[in-house]
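In what follows, chains carry the letters A, B, and so on, assigned in the order in which the sequence lines appear, proteins first and then strands, with residues in each chain numbered from 1. Computed over heavy atoms, backbone and side chain alike; hydrogens, waters and symmetry mates excluded.
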Amino acid sequence: MSPEDAVPFLDYASVLVFALTGALVASRAQLDLVGFIFFATLTGIGGGTLRDLLLGQDPVFWVGRPGLLVLTSLAAVLVFFTAHLFESRYSLILWLDALALAVAVPAGVDVAIGAGAGPIVTVAMGIITGTFGGMARDTVANELPLILKQGELYVTATFGGAVVAVVLIGIGCPGVWALIACGVTVFALRAGSMLLGWNLPTYRPRPPRNKG
Amino acid sequence: MSPEDAVPFLDYASVLVFALTGALVASRAQLDLVGFIFFATLTGIGGGTLRDLLLGQDPVFWVGRPGLLVLTSLAAVLVFFTAHLFESRYSLILWLDALALAVAVPAGVDVAIGAGAGPIVTVAMGIITGTFGGMARDTVANELPLILKQGELYVTATFGGAVVAVVLIGIGCPGVWALIACGVTVFALRAGSMLLGWNLPTYRPRPPRNKG
Amino acid sequence: MSPEDAVPFLDYASVLVFALTGALVASRAQLDLVGFIFFATLTGIGGGTLRDLLLGQDPVFWVGRPGLLVLTSLAAVLVFFTAHLFESRYSLILWLDALALAVAVPAGVDVAIGAGAGPIVTVAMGIITGTFGGMARDTVANELPLILKQGELYVTATFGGAVVAVVLIGIGCPGVWALIACGVTVFALRAGSMLLGWNLPTYRPRPPRNKG
């Protein structure tokens, strides 16, 4: 399987899982079913849409594949009728979001390489594809964007995964394995951050000097 | 009149009415005249701009029709000098926004059909053209986005109108009547929601069980 | 030097200075180094990216010049290790932002003219290139957008500079001088507003009448 063949699968998978997180955020905002569909779709297709716009892929990926919009709508219906079964919807959002990141970053890397982008732009596209849908979801819903949570790896996880993919492809690793390694890296960094507290040092202003 | 002929009129009308709502939001934020023009323009052209970007219509519609930017500026000037005459600016925003939705959704549907989009993408473009300008307005101005107001039909109204247009065109109804029916449906659903409390059931988490 | 030759320099300078403001906002949110890079890049390339999308310049400017992303990353690293040296990071953000505006508006004007835009669209592109990166920075970071600060010239400063450029070019002034005059105007208006309190009258609702 060439990496190009993986794109449709990765796109469908990341759209579906991000759509589930969007619908769960809609449940926290207590919207109606169409509001669920709106947030599921915004979150599901947001990152890949920005990626396609930036790379000049006209029209964007879902315009030619309307089945993706059916998929986000079905995800919304599913969540609308089952969200009450979960004890902690917020923690479910966090874990589904981690899974979606782990699929969306390789999808973004793959499309960028297919469009002839160099390594730096490819890393940027992986990060954008991974983070933008969730950022749009959280900004529109007035939730704290996950990228602002202090002491957690989030953008860093997507950055790490995208770099792994670019390096592996650069040294001649078959594309499909590079994409798998990319996804595993993203998920491992994010999960390690949530479960084991992995993090990078954050910026802290110097404490005020004791004037006493 | 073919539906294509209706586009310029619909675009001008929806840009104008959305611009009025943007200027009214600027009045709530107590900005200066240029701030009014900024919000009027952002709100007026936001939805159609995103629609054109997604469909790959380069450049976007107002680049070739700068008169639209003059129109949003005039709307801003008008509101700057007359907004104090209205007793409830918020309720004026709500009603003008409903009117703008009722014009913008058919405009979006029409452009999507002209670009060769299928029914699902056409419905999505109607919703996007209708909702995105107001969403940008409310997000940038730190107002509660109207799409998050619980118990009101908002995205649902645009969805209903877009579906009506696509179904009518699908069964052979002349395009211009389908677009009129679309706008009437959007406005009726939104007005019924504001005046008569029409709504769809919203998601509610189960109440905690009584442990007593 | 033709104005076209000035674009790469203006783009690099505005990307760099906006990137510094983005990294300073990341320091206020106490993010890690990758978070700094994210905000520096979002702020640095945001305005020019939207400008290129609207004008149909595919792909956007930084896809072919990855050095720009290296530049925003270096700006982020610099701020991460030195921000604690500054007593008032907020006032540093304001002044760097003013400087970035003064470079980004002429860059936007120049690209718009190069793409064949007329005077009104050119002014709009100057404003968009100047304001959008900072707006994205403030919205995503949950800071009060600078364009909403009452009684300060912000959008107005970019508007004034863009109009100066378009008028000067219209009366036959060499492009490079028009761009310099544009940048000086933007900075002078913004600095005069911050230091001397220059402003335009803002909208104020009428005080309620005394019913006594």
Side-chain angles (χ1 to χ4, degrees), chain B residues 23-42 44-46 48-50 52-73 76-77 79-90 135-136 138-143, chain C residues 49-60 112 115-125 127-128 130-132 134-136 138-140 142-160 162-163 166 189 193 198-208:
Chain B
L24 283 164
V25 166
S27 82
R28 284 164 58 90
Q30 305 193 0
L31 301 181
D32 63 25
L33 182 55
V34 179
F36 274 60
I37 294 176
F38 181 84
F39 270 96
T41 307
L42 174 73
I45 67 179
T49 299
L50 182 57
D52 284 359
L53 289 176
L54 297 174
L55 288 170
Q57 315 268 67
D58 287 338
V60 298
F61 70 106
W62 49 269
V63 165
R65 282 189 276 159
L68 285 165
L69 302 185
V70 176
L71 190 68
T72 59
S73 303
V77 172
V79 170
F80 189 78
F81 290 109
T82 63
H84 63 279
L85 301 175
F86 295 95
E87 220 158 279
S88 166
R89 276 174 292 145
Y90 190 65
M135 227 165 77
D138 296 338
T139 303
V140 175
N142 272 330
E143 300 252 357
Chain C
T49 299
L50 182 57
R51 173 200 65 204
D52 285 359
L53 289 176
L54 296 174
L55 288 169
Q57 314 269 66
D58 286 336
V60 298
I120 292 174
V121 170
T122 297
V123 170
M125 290 299 162
I127 296 174
I128 288 167
T131 57
F132 189 75
M135 226 165 77
D138 296 337
T139 303
V140 175
N142 271 329
E143 300 251 356
L144 180 76
L146 289 177
I147 58 161
L148 291 181
K149 284 190 78 174
Q150 285 159 25
E152 285 205 9
L153 301 180
Y154 192 85
V155 183
T156 309
T158 65
F159 177 77
V163 167
V166 165
L189 288 174
S193 174
W198 294 357
N199 62 66
L200 289 183
T202 59
Y203 176 84
R204 296 225 177 269
R206 264 204 283 205

Non-hydrogen atoms of chain C under 4.5 Å away: do they reach the side chain of [X], the backbone, both or neither?
X	answer
B/F80	both
B/R28	neither
B/F36	side chain

>> Applying side chain to side chain contact (heavy atoms under 4.5 Å, CB included) to B/V79 and C/Y203, what does each step give before you reach the verdict?
In response: CA-CA 10 Å; B/V79 170; C/Y203 176 84; over 6 Å; no
> Under the side chain to side chain contact (heavy atoms under 4.5 Å, CB included) criterion, do B/T49 and C/L53 qualify, and how do the steps go?
Replying inline: CA-CA 10 Å; B/T49 299; C/L53 289 176; over 6 Å; no
>> For the interface with chain C, which of B/V60, B/L33, B/T41 has the highest count of heavy-atom pairs at distances below 4.5 Å?
In response: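 So the answer, after comparing B/V60, B/L33, B/T41, is B/V60.
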Interchain contact, [X] with chain B, by part (heavy-atom threshold 4.5 Å):
X	value
C/A117	neither
C/D58	side chain
C/P201	backbone
C/T139	side chain

>> List the residues meeting side-chain hydrogen bond (donor to acceptor under 3.5 Å, both in side chains) with C/T122, not counting sequence neighbours, and say none if there are none.
In response: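 C/T122: no side-chain hydrogen bond (donor to acceptor under 3.5 Å, both in side chains) contacts found.
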>> List the residues meeting side-chain hydrogen bond (donor to acceptor under 3.5 Å, both in side chains) with C/E152, not counting sequence neighbours, and say none if there are none.
In response: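 side-chain hydrogen bond (donor to acceptor under 3.5 Å, both in side chains) list for C/E152, sorted by chain: C/R190.
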> Hey, is the main chain of B/G35 close enough, under 3.5 Å, to the side chain of C/Y154 for a donor-acceptor pair?
Replying inline: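 The answer is no, because no donor-acceptor pair under 3.5 Å joins these two groups.
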> Taking it one step at a time, do C/L144 and B/N142 satisfy side chain to side chain contact (heavy atoms under 4.5 Å, CB included)?
Replying inline: CA-CA 9 Å; C/L144 180 76; B/N142 272 330; 4.2 Å; yes
